[in-house]
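We name chains A, B, ... by the order of the sequence lines, and we start the count at 1 in each one. FYI, side chains are in, hydrogens and waters are out, and symmetry mates aren't considered; it's all heavy atoms of this structure.
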Protein chains: 2
Amino acid sequence: MTVTSVHDPSHREALWELEDAFGRGDLVSLFGRCTVSYEGRAASDLGAGDRLLVLKPDGAALVHTDEGRQPVNWQPPGSEHHAAVREGRLRVRSTRSNPDETLTVRFSDVHQLSAMAVTGGRDLTLHGSEEDLRTRIVERPELVEPGFEPRETERPSSAGPMDVFGVDADGTPVVVELKRRRVGPDAVGQLARYVRALREELGVGDAGEADDDSPAVRGILVAPSVTDRAAERLADRGFDHVALEPTPEE
Amino acid sequence: MTVTSVHDPSHREALWELEDAFGRGDLVSLFGRCTVSYEGRAASDLGAGDRLLVLKPDGAALVHTDEGRQPVNWQPPGSEHHAAVREGRLRVRSTRSNPDETLTVRFSDVHQLSAMAVTGGRDLTLHGSEEDLRTRIVERPELVEPGFEPRETERPSSAGPMDVFGVDADGTPVVVELKRRRVGPDAVGQLARYVRALREELGVGDAGEADDDSPAVRGILVAPSVTDRAAERLADRGFDHVALEPTPEE
DNA sequence: GCGTCCATGTCGATG
DNA sequence: CATCGACGTGGACGC
């Protein structure tokens with residue numbers, strides 16, 4: 001593992017190191033006093049201050065202050081990094097097109113620059129996602145309700161793929177929308193679109209005949225919990241909510 | 001400006017530096033070979049590889065690989081960093097409560113560690129946000145339509161605050177929903193909620209009497225553009241779309 | 001604390 | 001390319 005590291009370099013030294021690092025495909029970490037300006041989907045300016053600039057070989061650029069999970073400024077992967085010395089400052093610029101965006105970081109002082117080749121080990125195994133919730137329901141359908149039979153996941157419809165499609169104990173078609181966490185009204189809207197699409201497709205239970213307790217196509221929202229507004233909308237539509245976590249309680 | 005920087009430190013040296021940096025409230029950048037595990041709202045594991053760990057004095061922790069704008073793992077601000085040497089590795093752990101979450105990074109090798117005090121200069125001036133769009137409309141209402149008069153922004157309603165409330169040339173109440181970029185159907189749903197709330201509040205134009213071309217309360221979606229699905233929903237509801245950018249075209 | 005909504009959201013799948 | 005939906009979304013603001 002080769003790490004390059006320079007302390008308090010001159011702008012010219014820093015420039016050399018940056019260009020080498022870009023050439024090697026290194027990940028760069030740069031501490032220094034700088035101003036930052038961005039122009040693209042929006043535009044922003046940031047006055048002088050000490051910050052951390054991270055430059056990735058895939059084109060991503062991140063400007064971090066001492067606070068927050070989010071960078072104060074950034075450029076997405078696919079951008080191109082360029083460095084130069086201009087007007088007595090080290091200018092690092094990252095540009096991309098579609099949309100056209102430019103991030104410019106101007107360093108009056110570079111305190112520390114490190115670069116390292118970083119490869120592999122990018123595959124994360126994540127548990128507790130919506131996909132896990134789907135798996136859990138397919139394996140244990142009674143968690144939705146007794147007699148529920150899943151027939152298909154990601155079933156296509158004119159409104160997009162529905163998370164789980166199945167039938168209930170009476171043989172009534174059921175659309176299940178899954179959410180890994182507490183949801184608001186937008187999730188009910190999503191479920192409603194799938195139910196409407198399926199009713200049209202099956203030619204049953206549209207607004208004209210679904211005014212009693214037999215909706216012909218049922219909608220079930222599976223989520224740990226729902227907001228009040230979402231509950232209202234669920235009631236309006238005659239949909240059900242099943243409280244379920246993506247992973248079993250410990 | 002004081003920067004601490006060590007190259008290829010022993011675990012014990014790295015531990016000292018980390019504890020000093022935590023004590024000083026420094027921002028830390030740590031290159032090394034590590035495994036990462038996370039447990040909290042979800043759970044994840046990441047095998048050995050070279051990565052960049054950033055530790056912020058506000059408690060944020062970021063694990064970055066060579067790719068992506070997003071950290072592969074992280075901990076939000078408000079967490080607490082702890083470092084220790086365990087089983088021949090440098091273990092950096094960041095924990096928080098509510099929800100209970102733990103991020104653990106275990107280094108088999110530390111290649112480079114830098115720490116710097118980073119203060120001030122955190123205030124970003126951003127242009128092109130939804131707020132700019134609102135300002136633009138209030139100053140030039142004719143951009144929405146001739147004769148439009150804004151009366152209130154962030155007007156409260158039972159469905160939440162509507163972006164702009166006003167009246168059109170005929171004196172008909174208008175609810176304007178603003179989006180800084182192209183929107184999908186959810187924005188129409190949002191607008192519909194506000195319109196419904198206002199109709200109820202004013203006691204006019206509900207479903208019973210709004211079946212002709214006089215809806216009593218109009219809804220206008222201002223956004224650069226809308227998706228097909230959103231356009232459908234707009235037409236269903238009898239709402240209008242006005243194509244407008246958050247900032248004037250160059 | 002929860003609810004709501006914006007974001008330069010980012011990211012991946014899909015047509 | 002654009003659309004659509006998930007995300008450990010994050011973050012701000014209001015109640």
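- A distance-only check finds no donor-acceptor pair linking the side chain of B/His81 to the backbone of B/Ser94 [under 3.5 Å].
- If you check D/dG8 for Watson-Crick or wobble pairing at under 3.5 angstrom, you find it has no partner at all.
- For the P atoms, the distance from D/dG8 to C/dC5 is 23 Å, rounded to whole Å.
- Residue A/Ala159 is classed as a sugar-phosphate contact, given heavy-atom separations below 4.0 Å to backbone atoms only.
- Of the two residues contacting DNA chain D, namely B/Pro77 and B/Val72, the nearest-nucleotide position lying further toward the 5' end is that of B/Val72.
- Here the C1' atom of nucleotide C/dT10 and the CG atom of A/Leu62 are 12 Å apart, to the nearest Å.
- Here A/Gly68 lies in heavy-atom contact (under 4.0 Å) with sugar-phosphate atoms only.
- Within the structure, a side-chain polar atom (N or O) of B/Arg180 is placed less than 4.0 Å from OP1 or OP2 of C/dG9.
- Between B/Met162 atom CE and C/dT4 atom P the separation is 15 Å, expressed in whole Å.
- A donor atom on one side chain and an acceptor atom on the other are not found under 3.5 Å apart for B/Thr135 and B/Asp132.
- Taking only side-chain nitrogens and oxygens, B/Arg181 never comes nearer than 4.0 Å to OP1 or OP2 of C/dA7.
- Judged by closest nucleotide on DNA chain C, A/Arg182 is the one of B/Glu131 and A/Arg182 placed further toward the 5' end.
- Here, D/dG5 and C/dT8 have their P atoms 23 Å apart, quoted to the whole Å.
- Close to D/dG8, at under 4.0 Å from its OP1 or OP2, lies no side-chain N or O of B/Ser44.
- In this structure, of C/dT8, D/dC7, C/dC6, it is D/dC7 that holds the atom nearest to the side chain of A/Ser129.
- Of the candidate nucleotides C/dC5, D/dA2, D/dA6, D/dA6 has the atom nearest to the side chain of A/Lys179.
- Comparing D/dA6, C/dC6, D/dC4 by their closest approach to the side chain of B/Arg229 singles out D/dC4.
- A/Asn98 has its CG atom 8 Å from the C1' atom of D/dC1, to the nearest Å.
- Taking a cutoff of 4.0 Å between a charged side-chain nitrogen and a carboxylate oxygen, A/Arg134 and A/Glu154 qualify as a salt bridge.
- Dashed line: the shortest gap from a side-chain N or O of A/Arg193 to OP1 or OP2 of D/dG5 is under 4.0 Å.
- A/Glu177 comes within contact range of the sugar-phosphate backbone alone, with a heavy-atom separation under 4.0 Å but no base atom that close.
- The phosphate of C/dT4 (OP1 or OP2) has a side-chain N or O of A/Thr227 nearer than 4.0 angstrom.
- Atom NE2 of A/His64 and atom C1' of D/dG11 are 15 Å apart (whole Å).
- In the interface, the side chain of B/Gln70 is not paired with the base of D/dG10 through any donor and acceptor atom under 3.5 Å apart.
- For A/Glu130, the side-chain atoms get nearest to D/dC7 when compared with the rest of D/dG8, C/dC5, D/dC7.
- OP1 and OP2 of C/dG9 both lie 4.0 Å or more from every side-chain N or O belonging to A/Trp74.
- The listed nucleotides are C/dC11, C/dA7, C/dT8; the one nearest the side chain of B/Arg69 is C/dC11.
- For B/Asp123 and D/dA12, the CG to P distance is 13 Å, given to the nearest whole Å.
- In terms of polar N and O atoms assigned as donor or acceptor, the side chain of B/Asn73 comes within less than 3.5 Å of the base of D/dG8 in a complementary pairing.
- Counting only distance, with no hydrogens or angles, the side chain of B/Glu177 and the backbone of B/Leu191 share no donor-acceptor pair below 3.5 Å.
- Using a 4.0 Å cut-off, some side-chain N or O of A/Tyr194 falls inside it from OP1 or OP2 of D/dG5.
- Between B/Leu126 atom CG and C/dC6 atom P there is a gap of 15 Å when expressed in whole angstrom units.
- Put simply, CG on A/Leu178 is 9 Å from P on D/dA6, counting in whole angstrom units.
- The base of D/dG8 sits with one of its N or O atoms less than 3.5 Å from a complementary donor or acceptor on the side chain of B/Glu101.
- No donor-acceptor pair under 3.5 Å is formed between the side chain of A/Arg193 and the backbone N or O of A/Gly160.
- A distance-only check finds a donor-acceptor pair linking the side chain of A/Thr125 to the backbone of B/Asp45 [under 3.5 Å].
- At whole-Å resolution of the value, CG in A/Asp186 and P in C/dC5 are 9 Å apart.
- With the nearest nucleotide of DNA chain C identified for both A/Pro76 and A/Val226, A/Val226 has the one nearer the 5' end.
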task = Go through the steps to decide whether B/Arg106 and B/Thr35 satisfy the test side chain to side chain donor-acceptor pair (under 3.5 Å), and finish with yes or no.
result = CA-CA 5 Å; B/Arg106 292 185 178 86; B/Thr35 61; 4.9 Å; no
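- Contact annotation: B/Arg41 side-chain N/O to D/dG10 OP1/OP2 distance is under 4.0 Å.
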